[in-house]
A.B. asks: 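After the structure tokens below, expect a handful of questions from me.
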Protein chains: 2
Amino acid sequence: MRSSYRDIKAIVLTRIRANIWPPGANLPGEIELAKEFGCARATVNRAMRELVDDGILERKRKAGTKVKSSPTRRAQFSIPIIREEITNTGADYRYVLLERQTITAPGWLRSRVEIPKGQKVLHLRCMHYAGRNPYQFEDRWINLAAVPNAAEYDFEDIGPNEWLVREVPFTDGELVFSATNASSEIANFLNTTDGTAIFTIERTTWLDKVNVTYARLYFSRDYKMTTRL
Amino acid sequence: MRSSYRDIKAIVLTRIRANIWPPGANLPGEIELAKEFGCARATVNRAMRELVDDGILERKRKAGTKVKSSPTRRAQFSIPIIREEITNTGADYRYVLLERQTITAPGWLRSRVEIPKGQKVLHLRCMHYAGRNPYQFEDRWINLAAVPNAAEYDFEDIGPNEWLVREVPFTDGELVFSATNASSEIANFLNTTDGTAIFTIERTTWLDKVNVTYARLYFSRDYKMTTRL
DNA sequence: AGCCTTTATAAACACGTACATAATAAGACG
DNA sequence: CGTCTTATTATGTACGTGTTTATAAAGGCT
């Protein structure tokens with residue numbers, strides 16, 4: 001068998017690690033590499049493109065391909081549906097809707113997500129449990145202009161997260177990770193004490209520039225998010 | 001111009017969003033699509049492959065291509081060199097080495113990263129500042145068996161993070177994100193009060209199964225990590 | 001010297017063909 | 001009737017060739 005693009009990737013990686021092509025170094029052009037590996041240029045091209053994706057190489061037209069000097073490897077993680085995340089651990093998933101009300105978007109929300117003044121939004125608060133342990137407290141606002149049929153759904157059985165990913169497509173999303181000290185209210189929900197450090201995700205979602213939803217997700221004490229490079 | 005793979009991606013996405021191809025639906029085979037778009041099968045193939053990468057589609061041989069029912073869009077973020085992260089905001093970067101000592105790997109470290117008993121490791125503690133504000137406290141252990149020349153480097157001017165990415169290649173890495181309450185020591189370093197919620201990253205790095213380094217990175221109060229989908 | 005315009009070059013993209021591979025469906029056979 | 005073998009089929013991978021595009025570098029102009 002001829003060299004597959006996988007083999008080429010492996011060889012290139014080996015050479016980089018062996019410092020044959022140290023960081024910053026220009027490596028030979030595609031035609032030359034194709035000749036060396038005895039394969040078509042397209043095959044080399046694919047291997048190179050994937051290595052750029054992986055954050056190992058940098059390429060510029062005319063300038064050539066070079067090894068990234070600061071290899072900012074891109075970590076990839078997927079945002080799972082929370083139910084799947086819990087059931088995957090073997091625990092069973094329980095969801096409780098705590099509060100559901102339609103309000104006009106408060107100022108802080110409008111400033112955050114560009115919703116016009118007076119716009120109605122649906123505010124939901126709910127808890128997700130793994131077995132009998134609190135797992136996540138979800139504080140969510142849904143833009144009813146973008147998702148009118150949310151107003152008619154009761155969210156008693158299915159969480160807003162899950163409902164939204166199934167019903168509403170989106171084009172852009174932002175995730176902000178941070179650590180917050182639990183307020184007494186949140187501490188209560190998550191069955192911990194005031195001030196406990198809580199891993200928090202803020203998630204904002206847009207469909208073509210118009211905001212769909214904004215959510216604050218407070219995870220249980222000791223929650224860790226893991227990802228591999 | 002013929003349809004580029006980008007156009008095809010865009011069209012497919014539009015159709016998915018318009019519910020022409022709802023979640024779970026099988027979409028036509030590559031040959032058929034190629035005929036429709038008036039392009040080569042390879043072009044369709046590339047578009048499809050990238051959409052799988054983006055977490056939009058699922059493909060199986062023979063079974064065909066279908067729209068993922070729960071679109072777990074994969075968020076990608078890069079781990080920048082801390083100096084770049086700071087200088088990019090306009091602030092100037094300052095680094096201080098607080099402590100540097102060679103010790104035999106303690107039990108908790110060995111259990112975490114599979115280092116043989118009695119192995120020497122280099123323990124470093126340092127601070128990174130943005131202007132005059134504390135930015136990150138770094139607590140790092142370097143496996144001297146994997147990186148012998150670290151023993152001869154003083155780390156006075158260049159942080160271990162930066163030195164390592166430049167000097168030592170790695171094959172695997174793990175990142176664990178969590179929130180921790182600041183101990184009084186860490187609160188001191190980060191110029192905050194005891195118990196403040198601190199965004200924390202634990203990073204472990206391997207080169208072909210052997211551990212290179214383990215680090216705990218404590219970020220300043222109010223640090224947020226942002227990523228887009 | 002500094003600025004603008006070629007020009008050569010290397011990657012980016014696309015095409016059409018061919019064969020490989022995995023998984024399913026259909027048929028042969030005990 | 002169930003099991004094994006054999007088509008069939010859709011994606012996966014690779015090839016060789018050709019065109020397009022960005023851009024660094026060289027050359028020309030003010």
Side-chain angles (χ1 to χ4, degrees), chain A residues 1-16 20-69 71-72 74 76, chain B residues 1-16 20-69 71-72 74 76:
Chain A
M1 188 185 137
R2 297 293 252 281
S3 1
S4 77
Y5 76 100
R6 271 181 236 267
D7 296 334
I8 295 177
K9 275 181 77 169
I11 293 170
V12 171
L13 277 171
T14 313
R15 291 197 187 166
I16 290 171
I20 297 171
W21 293 328
N26 264 77
L27 41 104
E30 290 189 345
I31 311 122
E32 209 168 326
L33 287 174
K35 214 181 298 173
E36 186 195 331
F37 295 128
C39 70
R41 213 180 100 244
T43 309
V44 174
N45 185 277
R46 178 163 181 192
M48 298 311 229
R49 253 191 304 111
E50 294 209 355
L51 285 168
V52 172
D53 271 356
D54 297 345
I56 310 288
L57 298 179
E58 264 177 331
R59 319 188 80 191
K60 259 200 285 204
R61 288 184 165 143
K62 159 78 182 175
T65 305
K66 61 185 204 171
V67 182
K68 257 195 162 181
S69 33
T72 20
R74 284 197 277 176
Q76 263 188 101
Chain B
M1 190 185 131
R2 298 293 254 283
S3 0
S4 77
Y5 78 100
R6 269 181 237 266
D7 296 335
I8 296 177
K9 275 182 78 170
I11 293 170
V12 171
L13 278 172
T14 313
R15 291 197 186 166
I16 290 171
I20 297 170
W21 293 328
N26 265 77
L27 41 105
E30 291 189 347
I31 310 123
E32 209 167 325
L33 288 174
K35 215 181 299 173
E36 186 195 331
F37 295 127
C39 68
R41 192 169 79 88
T43 308
V44 174
N45 183 276
R46 178 160 180 195
M48 298 311 229
R49 254 191 302 112
E50 293 209 357
L51 285 168
V52 172
D53 271 358
D54 297 345
I56 309 287
L57 299 178
E58 266 177 330
R59 320 187 78 190
K60 258 200 288 206
R61 286 183 167 145
K62 160 77 183 173
T65 305
K66 60 186 204 171
V67 183
K68 258 195 163 182
S69 32
T72 23
R74 285 197 280 175
Q76 264 190 103

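Reminder, nothing fancy here: chain letters follow the sequence lines and each chain counts from 1.
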A.B. asks: Using side-chain hydrogen bond (donor to acceptor under 3.5 Å, both in side chains) as the criterion, list what pairs up with B:Arg59, not counting sequence neighbours.
C.D. replies: B:Glu30, B:Thr65

A.B. asks: What's the CZ-P distance between B:Arg6 and C:dA12, to the nearest Å?
C.D. replies: 10 Å

A.B. asks: In whole angstrom, give the distance that lies between atom CZ of B:Arg46 and atom P of C:dC13.
C.D. replies: 5 Å

A.B. asks: Where do N or O atoms of nucleotides 7-11 of chain D meet protein N or O atoms at under 3.5 Å, pair by pair?
C.D. replies:
residue: D:dT11; atom: OP1; partner: B:Thr65; partner atom: OG1; Å: 3.3
residue: D:dT11; atom: OP2; partner: B:Glu30; partner atom: N; Å: 2.8
residue: D:dT11; atom: O2; partner: B:Arg61; partner atom: NE; Å: 3.3

A.B. asks: What is the distance from CE of A:Met48 to P of C:dC13, rounded to the nearest Å?
C.D. replies: 15 Å

A.B. asks: Could you state the atom-to-atom distance from NZ of B:Lys66 to C1' of C:dT24 in whole Å?
C.D. replies: 14 Å

A.B. asks: Sequence neighbours excluded, which residues qualify as side-chain contact (heavy atoms from CB on, under 4.5 Å) partners of A:Lys66?
C.D. replies: A:Asn26, A:Glu58

A.B. asks: Using whole Å, report how far CG of B:Asp7 lies from P of C:dC13.
C.D. replies: 12 Å

A.B. asks: So which heavy atom on A:Trp21 is nearest to which on A:Val67, and how close?
C.D. replies: O-CG2, 3.6 Å

A.B. asks: Name all residues meeting the side-chain hydrogen bond (donor to acceptor under 3.5 Å, both in side chains) criterion together with B:Glu36; count only those two or more places apart in sequence or in a different chain, and write none if there are none.
C.D. replies: B:Arg15

A.B. asks: Looking only at non-hydrogen atoms, find the nearest pair between B:Pro23 and B:Lys68 and report the distance.
C.D. replies: CB-O, 3.9 Å

A.B. asks: In whole angstroms, how far is the P atom of D:dC15 from the CG atom of A:Leu33?
C.D. replies: 13 Å

A.B. asks: Backbone N or O of A:Ala10 within a donor-acceptor pair of the A:Thr14 side chain at under 3.5 Å?
C.D. replies: yes

A.B. asks: Can you measure B:Glu50 atom CD to C:dA12 atom C1' for me and round it to whole angstrom units?
C.D. replies: 12 Å

A.B. asks: To the side chain of B:Ala40, which of C:dC15, C:dC13, D:dT13 is closest?
C.D. replies: C:dC15

